[in-house]
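Computed over heavy atoms, backbone and side chain alike; hydrogens, waters and symmetry mates excluded. The chains referred to below are lettered A, B, ... by the order of the sequence lines, with proteins before strands, and numbering in each begins at 1.
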Amino acid sequence: MFGLADCNNFYVSCERVFNPSLEGKPVVVLSNNDGCVISRSEEAKKLGIKMGEPLFKIRDLINKENVAVYSSNFALYGDMSQRVMETLRDAVPSIEVYSVDEAFLDLRGMNIPDIKKIGEKLSLRVRKNTGIPISVGISKTKTLAKVAARVAKKTLSENGCTFLQDEEMIISALKNCKAGDIWGIGRKLSSFLAGNRIFTAYDLINAPGDWVKRRLTITGHRTWRELRGESCILFEEMPSEKKQICTSRTFPLEITQIDELYKAFAFFVSNCAEKLRHQKSVCREIVLFLLTNVYKESSPDYYRSISVQLETPTDSTIELMKKVSVSLEKIFREGYSYKKGGVILSEISQKSETSGDLFSPYDSHRHSTLMCCLDDINVKYGKGSIVHAAQGERFRTGSTRLSKRYTTDWADIITVKV
DNA sequence: TCTGGGGTCCTAGGACCC
DNA sequence: TCTGGGGTCCTAGGACCC
């Protein structure tokens, strides 16, 4: 058996932990620059606020219904996520952290009564330790556990857990699961399926396997098998290394000057390189991309990207930054207003498995030592405590309704009023 | 006026090899 | 008229996830 623990309305729930007066009220959390809605409380969902909806389109509704609005506070959510994961890790033999708010639970080899016991207690335990409400789904495969977790979330069962144990329960859950709600079936595939009179997960499992394989490819066939109770998606306890690392941002204001852009790209690359070093890897390729505002019809669109191969794989921010300054000049065109940009590192490999370049003008050992020192300082004193001069002042997005970093900054620790 | 930021995997088609 | 059989690698584009 596999389980899935899924935090309910995660970002909103994090805000509520530190501001319990939000309980029972409509709350939303916004993306960077306060652009779109990315998390909604049940009350906000009931008001008809959609996922990904731009804030400016729902201003009136928010004022009228008194919706609490928060900028995204990723420092807080990341830390709360870790606390949830620790509690889960404590409670079951093994977990796979699937996303910031979800983890699969490996319950293989456990007997049914024990699984039931875990399922019943898990959400209470997470709630008690972290304040975050979760839903738990348990069944024979990861995909079925996903289905079960949806049932748990919808039915709001008192212990927050749904265990799809026998055939009968599974069938009934699949009949109530829309095809588009299946893990791995997105918008395109669900409309394709609907065209073939497949509307629910139950319809899908009754479709012929070879047809599924031909039309939905091998991944869709895997989903089909999983829904039929055959486990074929691996449980991965160790997070695998990233094959690609990206940092990109929409700028709060449009940028026209190259030196302003350079500061942003200096931030992008150093942020990427930090992630790269964190997983003890090096990269052999760096891509820069830059674009104007795609929503604005009055001004011309411009999109360009450039990719640079490195002679020697590296994890040094300094070396990467030199490539950035040259490349940026190549893709920059005067006369456009830029709205978004980013850096992607790829061709990633293990640093320990890479040999250096004997003739490199850089002393890679000294670079490594310097980068290591820099990372340590930023861990100890907080992200962005020390940056490369090229970044200028700290890169900011235009978030205006930010809550405090209650759990990661001593200055923001919560005050209790008596 | 105002529209996020990360990722992964698969396939088709072309270029090339023998 | 009829035109082999087996591969690899790369890229772009499209699908999916949170």
Side-chain angles (χ1 to χ4, degrees), chain A residues 4-11 28-39 49-60 62 69-74 77-78 81 96-104 142-143 146 149 179-193 213-223 233-234 236 239-254 264 267-268 271-272 275-276 279 285 287 289 291-299 305 307 309 337 339-348 395 397-401:
Chain A
L4 177 77
D6 192 344
C7 301
N8 302 342
N9 316 327
F10 183 54
Y11 295 168
V28 298
V29 172
L30 305 173
S31 61
N32 266 337
N33 298 314
D34 295 344
C36 300
V37 172
I38 55 170
S39 179
I49 298 173
K50 299 267 180 330
M51 188 68 173
E53 189 133 54
L55 178 62
F56 71 88
K57 287 189 179 171
I58 52 169
R59 272 258 154 73
D60 290 345
I62 279 173
V69 177
Y70 283 87
S71 302
S72 37
N73 182 348
F74 292 116
Y77 311 150
S81 171
E96 173 190 337
V97 177
Y98 178 66
S99 75
V100 70
D101 69 335
E102 273 177 60
F104 285 105
K142 284 169 110 180
T143 307
K146 277 269 200 184
D181 291 339
I182 301 167
W183 185 42
I185 307 292
R187 264 212 320 272
K188 293 275 179 179
L189 286 181
S190 71
S191 76
F192 168 76
L193 289 174
K213 194 168 189 176
R214 204 172 57 233
R215 307 307 297 267
L216 305 189
T217 79
I218 188 162
T219 42
H221 190 244
R222 210 174 288 148
T223 298
I233 297 178
L234 289 180
E236 291 169 277
S240 47
E241 259 127 48
K242 301 261 176 283
K243 297 168 182 171
Q244 197 168 289
I245 289 171
C246 172
T247 301
S248 74
R249 291 289 182 279
T250 298
F251 308 129
L253 297 171
E254 290 175 359
F267 162 74
F268 297 152
N271 197 47
C272 281
K275 295 186 210 171
L276 187 68
Q279 66 167 46
E285 184 186 53
V287 176
F289 65 91
L291 53 136
T292 51
N293 191 342
V294 290
Y295 297 103
K296 207 152 130 188
E297 285 172 9
S298 56
S299 59
S305 68
S307 117
Q309 308 296 317
S337 296
K339 187 59 178 169
K340 184 175 177 170
V343 164
I344 303 167
L345 304 182
S346 53
E347 311 238 329
I348 289 172
F395 185 87
T397 55
S399 302
T400 59
R401 304 150 194 262

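The side chain of A/K57 sits closest to B/dT3 out of C/dA15, C/dC18, B/dT3. Set against C/dC18, B/dG7, B/dC2, the side chain of A/F56 has B/dC2 as its closest nucleotide. Out of B/dT3, B/dG7, B/dG6, the shortest distance to the side chain of A/T247 is found at B/dG6. Checked against C/dC16, B/dG7, B/dT3, the side chain of A/P54 finds its nearest nucleotide in B/dT3. Distances from the side chain of A/S31 to the nucleotides C/dC17, B/dG6, B/dG4 place B/dG4 closest. Of the candidate nucleotides B/dT8, B/dT3, B/dG5, B/dT3 has the atom nearest to the side chain of A/N293. For A/I218, the listed nucleotide lying nearest its side chain is B/dC10; candidates were B/dG4, C/dC16, B/dC10. Checking C/dA15, B/dG5, B/dT3 against every side-chain atom of A/L189, the shortest atom distance belongs to C/dA15.
One interatomic measurement links the two molecules: CD of A/Q309 to P of C/dC10, which rounds to 11 Å at whole-angstrom precision. In this entry the distance linking CZ of A/R59 with C1' of B/dT3 reads 12 Å, nearest Å. Atoms CZ (A/R249) and C1' (B/dT3) sit 16 Å apart, rounded to a whole Å. In this structure, the CE atom of A/M51 is 14 Å from the C1' atom of B/dT3, given to the nearest Å. One atom, CG of A/L276, and another, P of B/dG6, lie 15 Å apart when rounded to the nearest Å. A/E236 places its CD atom 17 Å from the P atom of B/dG7, with the value rounded to the nearest Å. Between A/D181 atom CG and C/dC16 atom C1' there is a gap of 15 Å when expressed in whole angstrom units. One can place CH2 of A/W183 at 8 Å from P of C/dC18, the figure rounded to the nearest angstrom.
Residue A/L30 is out of contact with every strand shown, counting any heavy-atom pair closer than 4.0 Å. Among the protein residues, A/D34 comes within range of no part of the nucleic acid, since none of its heavy atoms lies under 4.0 Å from any strand. In this structure, A/I344 reaches neither bases nor backbone, as no heavy-atom distance under 4.0 Å exists between it and the strands shown. Looking at heavy-atom distances under 4.0 Å, A/E53 makes no contact with the nucleic acid at all. Residue-level contact check: A/K275 touches the backbone only, with heavy atoms under 4.0 Å from sugar-phosphate atoms and none from bases. Contact annotation for A/S72: no contact, since no heavy-atom pair falls under 4.0 Å across all strands.
For A/K340 and B/dT3, the shortest distance from a side-chain N or O to OP1 or OP2 is not below 4.0 Å. Within the structure, a side-chain polar atom (N or O) of A/K146 is placed less than 4.0 Å from OP1 or OP2 of C/dC18. For A/K296, no side-chain nitrogen or oxygen approaches OP1 or OP2 of B/dT3 to under 4.0 Å. Remark: A/R222 is not in phosphate contact with B/dC9, judged by side-chain N or O atoms under 4.0 Å from OP1 or OP2. Contact check, A/T250 against B/dG5: a side-chain N or O comes under 4.0 Å of OP1 or OP2.
Comparing C/dC18 with B/dT3, their P atoms sit 26 Å apart, to the nearest whole Å.
With hydrogens and angles disregarded, no donor-acceptor distance shorter than 3.5 Å links the side chain of A/K243 to the backbone of A/E347. With hydrogens and angles ignored, the 3.5 Å screen pairs no side-chain donor or acceptor of A/S39 with any backbone N or O of A/V28. Not a single donor-acceptor pair under 3.5 Å links the side chain of A/T143 to the backbone N or O of A/T223.
Nearest-nucleotide mapping onto DNA chain B: of A/C36 and A/C246, the residue sitting toward the 5' end is A/C36. Remark on DNA chain B: of its neighbouring residues A/E241 and A/N33, the 5'-side contact belongs to A/N33, judged by nearest-heavy-atom nucleotide.
Under 3.5 Å, the side chains of A/T250 and A/N32 contain no donor-acceptor pair of N or O atoms.
The pair A/E102-A/K146 meets the salt-bridge criterion, since a charged nitrogen lies less than 4.0 angstrom from a carboxylate oxygen.
Atom-to-atom distance recorded for A/S71:OG and A/D34:CG is 3.5 Å, nearest 0.5 angstrom.
When side chains are defined from C-beta on, A/K275 counts as touching A/T247, because their heavy atoms get closer than 4.5 Å.
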